[in-house]
**Q** 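Sharing a structure with you now.
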Amino acid sequence: MAMQDNTITCNVKSYRMEKGWSQEDLAERIGVRRQAVYDIESGRYLPNTAIALRLARVFACRVEDLFVEEGSTGTQPVRVITGPAEPNTRLVLGRVRNRLVGFPLRGAEALSFGFNAADGILSRDGTAARILAPPGRLEGTVLLMGCDPAFEILSQHVARAAPDARVHCRFGSSLKALGCLGDGDCHVAGTHFHNTDDGESNVRTARELLSGHGARVVGFSLLEEGLMVAPGNPLGIRSVTDLARPGLRFANREPGAALRALLDDQLRQAGIAADEISDYRHEVTSHREGAYRVLCRVADAAMGLRAVAEIFGLDFIPITAVRCDLVIPVDLEHHPTLRVLLDVLQSAGLRREIDALAGYSSSVTGSDIAKIP
């Protein structure tokens, strides 16, 4: 047997207890003394290859299920709840009585469930907050505003990398996010304006709204934007020009949203005036709301993302792929949570999960796009 290795977690005891065996029972089954089983379970010793294989055989599992290396990210058998899932499906994982269980993050399950816990409660006069969060929680929090749903994935990866770090994501259009950043109301703004003949729209808009504030623009994702339509596309919608059909119901995004700017640019290129679309001013303020309108047959089409359309079981008509960027003021770059965030953007784990989202690519994740003086 090898001496104790503090980087290895031993799961033999939990497997034995599940079987209802005593240490003496297990010792007899694998041909060792009871003291050897005690030493293995207590972490005093690691078994040699032959004993490890015998343990795996009697428990009908793998050696790596019994002895897990700290920080190991290898593959493990998983029971997927709600039936078979497509390859690359994102999962929420938990271990139940030594069995790894996965809940697919797809459809409605990909969206938040239940209430979020508050950090504080506003006073009656609206000028103060009674703090509920533990000491240090607020100093470790970064406020990120934007409308890419994948920001929540970034938040979770930051929390895994540093338990004291938190990225709180707040939904807001690209224009609103940059405005809040310029006003000092958030730490990071997410923006995904599509590029036009004027060049880098994200950088140009950030420069206009952050006058007097230096900032760093970092790539986050490439995402596919277009029209969300009913399953099977019963009306045969093929492009934004079809939105001008008489009687076609449309859910537009609000002014300042990147998807609104994309639509306006597409209409301009097609020579279609906004007033030719009967529901042009019928606005929703989020990807989810637009998808709900189409799903409930209140609208025939809505601007949105391929990933959101897939979650709601809608068909999708692609228009373009755009780059979503994170804009970070230079005077905040030394915030400890922002340092973690920037490191996480370089991680393989985050990139793999972004690539697993429909219509997403991590090819620009963590790339330095521009410096705003």
**Q** Ala206: what forms a side-chain contact (heavy atoms from CB on, under 4.5 Å) with it, not counting sequence neighbours?
**A** Leu178, Leu210, Val327, Ile372
**Q** Can I get a per-line list of side-chain donor-acceptor pairs under 3.5 Å for residues 136-144, giving both atom names and the distance, sequence neighbours left out?
**A**
residue : atom : partner : partner atom : Å
Thr141  : OG1  : Arg137  : O            : 2.8
Thr141  : OG1  : Arg166  : NE           : 2.9
Thr141  : OG1  : Arg166  : NH2          : 2.8

**Q** Do the charged groups of Arg352 and Asp355 touch, with an N to O distance under 4.0 Å?
**A** no
**Q** Do Phe171 and Phe151 pass the ring pair (Phe, Tyr, Trp, His ring centres under 6.0 Å) test, and can you show the C-alpha distance, the side-chain angles, and the key distance before you say yes or no?
**A** CA-CA 10 Å; Phe171 189 91; Phe151 288 152; 9.7 Å; no
**Q** Checking side-chain polar atoms at under 3.5 Å, does Asn202 have a donor or acceptor matched by the opposite partner on Thr191?
**A** yes
**Q** Just say parallel, tilted or perpendicular for the rings of His192 and His287, cut-offs at 30° and 60°.
**A** tilted
**Q** Can you list everything that forms a ring pair (Phe, Tyr, Trp, His ring centres under 6.0 Å) with Phe59? Sequence neighbours excluded, please.
**A** Tyr15, Trp21
**Q** So do Leu243 and Leu248 actually touch side chain to side chain, heavy atoms under 4.5 Å?
**A** yes
**Q** Do the rings of His335 and His187 sit parallel, tilted or perpendicular, given the 30° and 60° boundaries?
**A** perpendicular
**Q** With sequence neighbours left out, write down each residue that passes side-chain contact (heavy atoms from CB on, under 4.5 Å) with Ala261, or none if nothing qualifies.
**A** Phe193
**Q** Quick one: do Arg90 and Glu353 make a salt bridge, cutoff under 4.0 Å?
**A** yes
**Q** Can you pull the side chain to side chain donor-acceptor pair (under 3.5 Å) pairs that have at least one residue in residues 168-184, sequence neighbours excluded?
**A** none
**Q** Between Ser221 and Asp148, do the side chains contain an N or O donor and an N or O acceptor separated by less than 3.5 Å?
**A** yes
**Q** Listing request: all side chain to side chain donor-acceptor pair (under 3.5 Å) pairs with a residue in residues 230-240, at least two apart in sequence or in separate chains.
**A** Ser239-Thr241
**Q** Under 4.0 Å between a Lys/Arg side-chain N and an Asp/Glu carboxylate O for Asp325 and Arg323?
**A** yes
**Q** Could you tell me whether the side chain of Val80 reaches within less than 4.5 Å of the side chain of Pro104, counting heavy atoms only?
**A** yes
**Q** Can you tell whether the side chains of Arg260 and Glu283 come within less than 4.0 Å, N to carboxylate O?
**A** yes
**Q** Can you tell whether the side chains of Glu41 and Arg16 come within less than 4.0 Å, N to carboxylate O?
**A** yes
**Q** Can you tell me if His282 and Arg249 form a side-chain donor-acceptor pair at under 3.5 Å?
**A** no
